[in-house]
Each structure stands twice: as C-alpha cells, then as structure tokens.
Amino acid sequence: MEHLELFFKSIFIDNMVFATFLGMCSYLAVSKKVSTAVGLGAAVIFVMAITVPMNWLLDQYILQPGALGKWLGAEYADYDLSFLSFILFIATIATMVQLVEIVVEKFSPSLYNSLGIFLPLIAVNCAILGGSLFMQSREIPTFTMAINYGISSGIGWFLAILAIAAIREKIRYSAVPAPLRGLGITFILTGLMAIGFMSFGGMLTGDEGNKKPQQENTQAEAEELIEKDHEMVVNTNK
Amino acid sequence: MAEVIEKKASEKQSEPLFSKKNKGLMTDPLFDNNPITIQVLGICSALAITAELKASIVMSVAVLFVLSIGNVVISLMRNIIPSKIRIIVQLVVVATLVIVVDLVLKAFAYELSKQLSVFVGLIITNCIIMGRFEAFALGNGPWKSFLDGLGNAAGYGLILILVGFFRELLGSGTLLGIKVLGDPIEKTGLYALGYENNGFMLLAPMALITVGIIIWIQRSRNKSLIEN
C-alpha cells in the first residue's frame, strides 16, 4: 500500500516537470518529435532507476550524520559528511551514466542506437540530480522505496515529455501568433498542463483525513498520561 | 613562428579590458541572446523559486557567483582537460562552487536556504552553467570567459527578477515582504477600492505562463527572433 501510494504520488502529484519544474531544459529542447521524446524519456527512467537507489545507499551509509558509525565502529559516529552530498551525488550520476552507456553499447546495440545521443545528455538533466536530492530531503525510508521512487519519478517525467511532444506535433498546424511560435507557446502549454496536473493533488487527501484523528487520539492519550502522572504525584505527596 | 605567436599575444594584451567586443559579451545575453528566453538554458531553477522577489534575487546572485568563477576556472584549465572526461571535470568544479554557496547561505540566511531547499543544489545541473562552459569557456581566455559568465548570469537574473516581481506583486501584494499595495485585511490602499490579490500567481503553473508572456513581448518587439 505504501509502495502504491508513493508510486502514484511521484508520477502524478509530485510530477517532476509539472510540480517541481525539473528537467525543463531537455524537456523543451527534445520535445519536437514524439519518437525522440520517447527515447529520452526511456533513458531517464532507466538512469533514475539506477542512480536513486545508489545515492540512497550512499546517503544512508556515508553521508548522513552518524552514518559512518553504523559500520565503522562507534568512534566514527560523530562525523557529519552531509555537506559532501552534492559532489558525491553528481559524481555517482556522471559515472553511472558513462557505465550504463558502455554496458548498453556492449550488450544491446539496438537499444544503444535508439538511446545513443541522449545518454550523455542525461548526466546534466536536472531531473536526475533532483530525484536524488528529493530522495534525501523527503527521507525515503527503505531501499525498495528508493527504487520505487526512482522508477516512478522517471515515469512521471516520461509522461510529461511524451504529452508535450504529441501536442507540439499537432500544434504545428494551428494558427499561433508569430511571436509565440515555438518556445513561447510551449511554455504556456506546459503551464496549462501543470494546472491540469494540480487536480491530481486531491487524490491522496482521503488518507490525510484518516491520519488526523489518529493524531488527536495520541494527543488525548498523552493528556491522560499527564493526568495520571499528576495523580501519582499528588498521591505520593499525600 | 615564434614571432607570430608573440605578436598575437601582444595584440591580445594590447586589447583594452573593456573593448567593444568585450562589452558585447556582457550586454548581448541581457536581451537579444538571453539565456532563458532565447537560448532555452537554465529554466528548471528559474521557475520553481520565483514566487517571491527575495528568493529570485538570492538565486540570481548565487548563479552569478558560480557561473563567473566557474567560467574562469574552466577557461584556465581548458588546455589540460582531456576532452573525454571534460563533463565530469566540469561537474566537479561546479559542485565545489555550489557547496560553497550552499554553506554560505546556511550560515547567513538559514530561513531562505530552507525555502530554496534542493534548488541551490540544482545549480549544479543548471544547463546554463554547463552550456556556457561548453560553448564559451573551453575556447576562450579567462577574462573574456569571466565577462561572458557575468553577462549570461545577469541575463538569467533579469528574467528571474522580472518573474519574481510580477508574481509577488500580483500574488501577495508585496515586494520583498513590504506591503506596497496596502493592507488586505484592514482594507487600506488599493484594497479599499475592492482590489483582491490573485493567489493563483503564487502557484507553480503561473511561473511558466509569465515566462511565456515575457517571450511573447520580447519577440513581438524584435521580429528577427521569431521562430518558424
């Protein structure tokens, strides 16, 4: 259930493009044709599915305050290396992209030919680094959740670029005002699509409704406990 | 041969620091070759943090710092870097500079750094930075690269500040947190006439539409920029 929730949340509600504007540069540059958009989108899903879990491991076992203490012994528990996260994350991403490129070229030349040009571009796609940084700041709890988060954010980005590429192919035949042609209308269209995606925001609110009474319960319990303590104190004083 | 090279070197040195060409490097990216509206670079971070003017200004300053210093560093190293691993070298240079910016922000403006959250880190993958490294710093001297960095970061900042200005003014009726249109609760100033804030401007999609409108205005004033 947790997995399903995260899956839908990352695809629709926290969509990389429409909610956080990540990966906009390649989203705008490579969305003129559906076929190239599909290639880049697939490459993004692929790389995110690998880098987000990798960076999750780095974060958990090296970067977090006290993470070194988990496996190097108690004397390392005081180290806080979180300031290194940017440089380590981007190094992981850049090396993984190169590695993926080599592996794909070796074992699946047909996939390599369809992704070929886009793979190196991905190292500087903000969506990839953004995925890792959001994974860190949202404190994704387990390794499987991190894999899930990587794949589903990638799918969200894929959907977005696919949709805008299809729209741009069609809009070529419309009478758009000359100064808006190309970049301008793409911006406005993306804005309109983002408004559409905002309506998904209500999808998971039912769950929040369930959570609130629980909090009230715990508050009530806490108050009871305090009252009991108070009685105890009064009793012992007597 | 040696004489020719020396001559060239002396010619380069004799060029004044602010020659016409060098000035062009700074002023072109402000309007006619703006990184956001023409080159389509660096849009990701431009949109997410422009709901307030203050955040846009801080972001522009951060990018100005990273881009101008990074351009100089890359330009100084341009003859040593093997072209196969240049992307990784560039990323390391940017990442180091961004860590400096992030730590400075955390030390002196903690609230703001929380608000900018991951977007400071995302300066690393801001295409404007990689784009200028690739297109300019790898082929030009340090001083020119510095000017190019300043110019492009200023062009980026200009759009960011424009968008931030309109979104904050129309969205919450304030500028840099100062209530310039009067108090919406006590109904003073413009609000006395029945004016209401447009809360929609604060939401993410309006950033895109605002940039779209800026592009529209810019291209209808300068017809040569229109795409076919």
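All chains are named by letter (A, B, ...) in the order of the sequence lines, taking the proteins before the strands, and each is independently numbered beginning at 1. The shown structure was predicted, so the numbers you read here are calculated from the model rather than taken from an experiment.
Put simply, the side chain of B:E168 gets close to the backbone of B:L53: a donor and an acceptor are under 3.5 Å apart.
Contact check on B:K106 versus B:D102 returns a salt bridge, with a Lys/Arg side-chain nitrogen under 4.0 Å from an Asp/Glu carboxylate oxygen.
With a 4.5 Å cut-off on non-hydrogen atoms, B:I217 does not touch chain A at all. Proximity to chain B is limited to the side chain of A:S137, based on heavy atoms less than 4.5 angstrom apart. Proximity to chain B involves both the backbone and the side chain of A:L129, based on heavy atoms less than 4.5 angstrom apart.
Taking the six-membered ring where tryptophan is involved, the planes of A:W56 and A:F143 are tilted, since the angle between them lies from 30° to 60°. Below 30°, between 30° and 60°, or above 60°: for A:F12 and A:F8 the angle between ring planes is below 30°, a parallel geometry.
A:D59 and A:N55 form no side-chain donor-acceptor contact under 3.5 Å, judged by distance and modelled atom types alone.
With chain A as partner, the option from B:V92, B:I213, B:T96, B:V211 having the largest number of non-hydrogen pairs under 4.5 angstrom is B:V211. Of the listed residues (A:M198, A:R172, A:M193, A:Q136), the greatest number of heavy-atom pairs within a distance under 4.5 Å of chain B belongs to A:M198.
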